[in-house]
Amino acid sequence: MALVTSKEMFAKALKSDYAVGAFNVNNMEIIQGIVDAVKEENAPVILQVSAGARKYARPAYLMKLVEAAVIDTGLDICLHLDHGEDFEICKKCVDDGFTSVMIDGSKHPYEENIALTKQVVEYAHAHGVVVEAELGKLAGVEDNIKVDARSATFTDPEEAAEFVQRTGVDSLAIAIGTSHGAYKFKGEPYLDFERLKTIHNLIPDTPLVLHGASTVLPEFVNKCNQYGGNIPGAQGVPEDMIRESTKWGICKVNIDTDLRLAMTAEVRKFLIENPAEFDPRKYLSPARAAIQGMVQHKIKNVLNASGKR
Ligand code: G3H
Ligand code: 13P
Ligand code: ZN
């Protein structure tokens with residue numbers, strides 16, 4: 001049991017039709033809910049921390065909470081920086097003891113993305129840390145009206161192959177139609193599987209990463225709304241599309257929004273049903289259990305990762 005890199009997890013996942021769940025963490029209850037699920041399912045896991053999560057929880061707390069999760073569960077856990085935007089934050093996380101960092105240079109021109117990614121790879125590898133980079137832009141829902149226009153920002157397969165070769169990056173996040181948050185598609189959900197297959201065929205040894213992979217299950221949106229919420233017209237990636245993607249090199253699937261919805265639905269329900277209650281432990285216990293339930297569902301039914309530890 002230790003903090004580990006994703007190297008072995010990805011090497012195994014690449015050979016088979018499953019993916020490692022990468023779940024975003026912000027506090028103790030989320031971490032506990034995830035690792036309880038992972039232990040129950042005997043699955044590999046990546047806990048990922050965004051810049052926003054780092055700011056909210058403060059770096060030392062998150063680090064110690066994840067170390068505590070390793071001790072408490074006996075699991076191997078990969079601790080990953082999600083969407084690092086510059087060299088400095090990646091360096092800080094490497095220095096703090098993260099085992100994996102993402103440098104997200106996708107907003108920069110191609111050559112700048114390469115230069116930035118190379119710089120992070122050089123530093124991280126020298127410290128035994130692995131690196132994820134991103135090429136192509138995840139579309140916003142407003143770009144979804146015309147698939148043609150939207151796919152202009154998708155990852156170019158030839159560029160992806162050159163990018164991996166020139167940067168020495170360990171895994172690559174690609175854009176094939178997903179986006180972050182609860183509003184991913186206005187019309188029919190669409191992922192460019194032909195593009196994914198082409199990328200995978202060109203770089204079969206590179207683990208690919210799918211961001212924006214929440215499904216936004218109606219059950220949880222409805223539950224939030226039933227208990228005083230007002231979440232309009234949310235739509236995520238159908239679960240069968242996520243499962244399909246694991247056949248074509250997707251080894252890491254990022255999920256945050258679905259955890260937020262599951263947790264918030266439970267807190268809303270509890271507070272509406274128990275208006276006189278004000279002990280945070282009372283509403284955070286079912287919220288933590290909801291995280292566990294959602295993560296077990298993902299591992300078992302979407303990622304096909306049960307028993308793959
Ligand atoms: O991709 C972004 C993750 O969902 C983290 O979101 O920046 O609000 O923490 P955040
Ligand atoms: P979702 O918003 O679909 O959960 O995506 C999370 C993500 O990609 C984190 O990097
Ligand atoms: Zn992301």
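These figures come from a predicted structure and were not determined experimentally. Just the heavy atoms: all of them, side chains too, but no hydrogens, waters or symmetry mates, feed the values below. In each ligand, atom 1 is the first atom listed, and ligand 1 is the first ligand listed.
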May I ask you to check whether [X] and [Y] show a side-chain donor-acceptor distance below 3.5 Å?
X: Asp258; Y: His297; result: no
X: Tyr227; Y: Asn222; result: no
X: His108; Y: Glu85; result: no
X: Asn254; Y: Asn24; result: no
X: Gln292; Y: Lys39; result: no
X: His211; Y: Glu132; result: yes

Measure the distance from [atom] to every protein heavy atom, then report the residue, atom name and distance (to 0.1 Å) of the closest one.
atom: atom 8 (O) of ligand 1; value: Arg260 NH2, 3.0 Å
atom: atom 9 (O) of ligand 1; value: Ser50 OG, 2.6 Å
atom: atom 8 (O) of ligand 2; value: Gly212 N, 2.8 Å
atom: atom 5 (C) of ligand 1; value: Asp256 OD2, 3.3 Å

Would you mind listing which atoms of ligand 2 come within a distance below 4.0 Å of any non-hydrogen atom of [X]?
X: Gly181; answer: 2 (O)
X: His180; answer: 2 (O), 5 (O), 6 (C), 7 (C), 8 (O), 10 (O)
X: His211; answer: 8 (O), 10 (O)
X: Ser214; answer: 1 (P), 3 (O), 4 (O)
X: Ile255; answer: 4 (O)

Can you list the atoms of ligand 1 that are under 4.0 Å from a heavy atom of [X]?
X: His83; result: 1 (O)
X: Asn24; result: 3 (C), 5 (C)
X: His180; result: 1 (O)

Exercise for the section: Determine, stepwise, if the pair Tyr123 / Phe87 fulfils ring pair (Phe, Tyr, Trp, His ring centres under 6.0 Å). Expected result: CA-CA 9 Å; Tyr123 188 78; Phe87 175 78; 5.8 Å; yes
Exercise for the section: State, to the nearest 10 degrees, the angle whose vertex is the Zn ion (ligand 3) and whose arms point to NE2 of His83 and ND1 of His211. Expected result: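 Vertex the Zn ion (ligand 3), arms to NE2 of His83 and ND1 of His211: 90°.
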Practice task
Decide yes or no for His83 and Glu134: does some side-chain heavy atom of the first lie under 4.5 Å from some side-chain heavy atom of the second?
Solution key: yes
Practice task
Identify whether Met1 and Ile34 are in the same connected component of the hydrophobic contact network (ILVMFWY, side-chain heavy atoms under 4.5 Å).
Solution key: yes
Could you say whether the N/O atoms of [X] and ligand 2 ever approach to under 3.5 Å?
X: Asn24; result: no
X: His83; result: yes
X: Ala213; result: yes

Handout entry: Within reach of ligand 2, part of Asp82 (heavy-atom separation under 4.0 Å)
Key = side chain
Handout entry: Lys184 near ligand 2 by a heavy-atom separation under 4.0 Å
Key = yes
Exercise for the section: Measure His211 to ligand 1 on non-hydrogen atoms and call it side chain, backbone, both or neither using the 4.0 Å cut-off. Expected result: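 Neither part.
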Completion exercise
Out of Thr215, Asp256, Leu261, Leu210, the nearest non-hydrogen contact to atom 6 (C) of ligand 2 is supplied by Asp256
Practice task
Between Thr257, Val216, Asp258, flag the one that comes closest to atom 1 (P) of ligand 2 by a heavy atom.
Solution key: Thr257
Exercise for the section: Determine the interplanar angle of the Tyr110 and Phe163 rings, folded into 0 to 90°, and report it as parallel if under 30°, tilted if 30 to 60°, perpendicular if over 60°. Expected result: tilted
Exercise for the section: Take the angle between the ring planes of Phe270 and Tyr283 and call it parallel below 30°, perpendicular above 60°, tilted in between. Expected result: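 Phe270 vs Tyr283 ring planes: tilted.
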Problem - Partner of Ile77 by side-chain contact (heavy atoms from CB on, under 4.5 Å), out of Val4, Ile46, Val35, Val38 - result: Val35
Exercise for the section: Tell me, with the steps shown, if Arg166 and Glu111 meet side chain to side chain contact (heavy atoms under 4.5 Å, CB included). Expected result: CA-CA 10 Å; Arg166 284 178 61 191; Glu111 288 297 333; 2.8 Å; yes
